[in-house]
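Inspection log for the structure reproduced underneath, given as structure tokens.
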Amino acid sequence: VLFRSSQSLSAARQSAAAELSGKVSHEMHALAMASGRFVVQLSSVPPSPHGAEQIEFLVSANQGMEPRPLNKVASGGELSRISLALQVITSQVASVPVLVFDEVDVGIGGGVAEIVGKMLRRLGENYQVLCVTHLPQVASRGNQHWRVSKLMDAGQTRSRIEELDMPQRVEEVARMLGGLDITETTRKHAAEMLTA
């Protein structure tokens, strides 16, 4: 019985692995990893109550390179994008109504950050998405913006969270864009990003 059950589970895993590999690779391409390839590798092990395979994620970020273990070859930015691609695909079959991303945009910037922001916004059409970010391209894509700040109170560090209205969002995105010296040009750019 165990052998027959493990064979059935193995067949289902092979099918799911091929489908997940293709879909995550497609999302990687959308995240500026045009030659990226994601592979779910199943290696046979003796049958057990957990099945007859060991599962490993492999990735090739560049054309002509063989997929290798994700934890050994992906840079911080690549890992962030692959993680987001996985979340996008698995959220389509998950029953979890809230997705939380803690700095999923680490190690990226510019155009890729804009793509990530758009992808998170697209996810937000079907799920509640909470995202911690330091990038204006990502922050400007949210429907709401909360600022987290730290302050000292009686020798204790405390966190403060406040919802921002549109003028405050413009100032915060401008701060993210321009640093300490915020100019009118920076504010205009921030306002443009928020209305795009």
Side-chain angles (χ1 to χ4, degrees), residues 23-36 38 59 61 70-71 74-153 156-196:
K23 287 182 175 182
V24 172
S25 293
H26 178 76
E27 292 296 335
M28 286 170 60
H29 300 165
L31 289 165
M33 296 178 77
S35 301
F38 182 83
V59 67
L70 178 64
N71 63 339
S75 69
E78 290 167 343
L79 198 54
S80 294
R81 287 181 276 168
I82 294 165
S83 171
L84 179 57
L86 272 166
Q87 290 284 349
V88 167
I89 297 306
T90 58
S91 70
Q92 295 169 5
V93 294
S95 60
V96 178
V98 179
L99 300 172
V100 179
F101 297 96
D102 185 9
E103 299 185 26
V104 71
D105 48 22
V106 166
I108 63 171
V112 176
E114 189 172 341
I115 293 167
V116 168
K118 288 178 180 179
M119 188 173 281
L120 290 167
R121 182 157 186 131
R122 191 178 80 206
L123 275 175
E125 293 171 4
N126 298 307
Y127 305 94
Q128 175 69 54
V129 175
L130 302 174
C131 179
V132 176
T133 184
H134 296 283
L135 297 179
Q137 298 94 330
V138 175
S140 65
R141 292 294 174 181
N143 290 321
Q144 291 181 297
H145 193 146
W146 298 73
R147 179 174 45 217
V148 179
S149 55
K150 294 185 178 182
L151 54 101
M152 290 297 292
D153 180 23
Q156 293 276 354
T157 303
R158 302 205 184 275
S159 294
R160 177 180 174 192
I161 301 173
E162 58 186 313
E163 184 177 7
L164 304 181
D165 61 19
M166 188 51 86
Q168 291 170 319
R169 285 188 76 186
V170 170
E171 285 299 309
E172 184 62 14
V173 171
R175 185 198 61 74
M176 295 168 96
L177 282 167
L180 297 176
D181 296 322
I182 300 172
T183 66
E184 279 309 308
T185 302
T186 310
R187 284 187 183 92
K188 285 179 185 174
H189 187 198
E192 184 180 302
M193 289 176 74
L194 285 160
T195 56

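Start at 1 with the first residue, then count along the sequence. Atom set for the values below is all heavy atoms of this structure, side chains included, hydrogens, waters and symmetry mates excluded.
You'll find the side chain of Val104 reaches within 4.5 Å of the side chain of Leu120, heavy atoms only. When side chains are defined from C-beta on, Met193 counts as touching Leu177, because their heavy atoms get closer than 4.5 Å. Side-chain contact between His145 and Leu194 is absent, with no heavy atoms from C-beta onward closer than 4.5 Å. Side chains of Phe38 and Ile89 form no contact here, defined as non-hydrogen atoms less than 4.5 Å apart.
Residues passing the side chain to side chain contact (heavy atoms under 4.5 Å, CB included) test with Asn71, sequence neighbours excluded: Pro69. Applying the side chain to side chain donor-acceptor pair (under 3.5 Å) criterion to Glu171, with sequence neighbours excluded, gives Arg187. With sequence neighbours left out, Glu162 forms a side chain to side chain donor-acceptor pair (under 3.5 Å) with Arg147. Scored by the side chain to side chain contact (heavy atoms under 4.5 Å, CB included) test, Val98 finds Val100, Gln128, Leu130 as partners (sequence neighbours excluded). The side chain to side chain donor-acceptor pair (under 3.5 Å) test applied to Gln92 returns no partner, not counting sequence neighbours. In this structure Arg175 satisfies the side chain to side chain donor-acceptor pair (under 3.5 Å) test together with Glu172, sequence neighbours excluded. Shown here are the side chain to side chain contact (heavy atoms under 4.5 Å, CB included) partners of Ile161, two or more places apart in sequence or in another chain: Trp146, Val148. Residues that satisfy the salt bridge (Lys or Arg N to Asp or Glu O under 4.0 Å) test with Asp181, not counting sequence neighbours, are absent from this structure. Judged as a side chain to side chain contact (heavy atoms under 4.5 Å, CB included), and not counting sequence neighbours, the contacts of Leu79 are Leu70, Ala74. Shown here are the salt bridge (Lys or Arg N to Asp or Glu O under 4.0 Å) partners of Glu114, two or more places apart in sequence or in another chain: Lys118, Arg141.
Closest approach of Val106 and Ser80 over heavy atoms only: O-OG, 3.1 Å. Taking all atoms of both residues into account, the shortest heavy-atom contact from Met33 to Ala61 is CE-CB, 4.0 Å. Between Val173 and Ala190, the shortest heavy-atom distance links the atoms CG1-CB, 3.7 Å. Considering every non-hydrogen atom in both Ala32 and Val112, the closest pair reads CB-CG2, 3.5 Å. In terms of heavy atoms, Ser159 sits closest to Lys150 at OG-CG, 4.2 Å. Pairing each heavy atom of Ser91 with each of Leu123, the nearest pair is OG-CD2, 3.4 Å.
Distance CG/Leu86 to CE/Met28: 9.5 Å, rounded to 0.5 Å. Taking CG of Leu84 as the reference point, atom CE of Met119 lies at 5.5 Å (rounded to 0.5 Å). Interatomic distance, OG of Ser140 versus CZ of Arg121, reported as 9.0 Å (0.5 Å rounding).
The stretch residues 23-33 participates, sequence neighbours left out, in these salt bridge (charged side-chain N to carboxylate O under 4.0 Å, His left out) pairs: Glu19-Lys23, Glu27-Arg122. Sequence neighbours left out, not one pair with a member in residues 78-102 passes salt bridge (charged side-chain N to carboxylate O under 4.0 Å, His left out).
There is a side-chain donor-acceptor pair under 3.5 Å between Thr183 and Thr186.
In the displayed structure, His29 atom NE2 is contacted under 6.0 Å by more than 12 heavy atoms of other residues, nucleotides or ligands. Within a 6.0 Å sphere centred on CZ of Arg158, other residues, nucleotides and ligands contribute more than 12 heavy atoms.
For Asp165 (side chain) and Gln168 (main-chain N/O), a donor-acceptor pair under 3.5 Å exists by modelled atom type.
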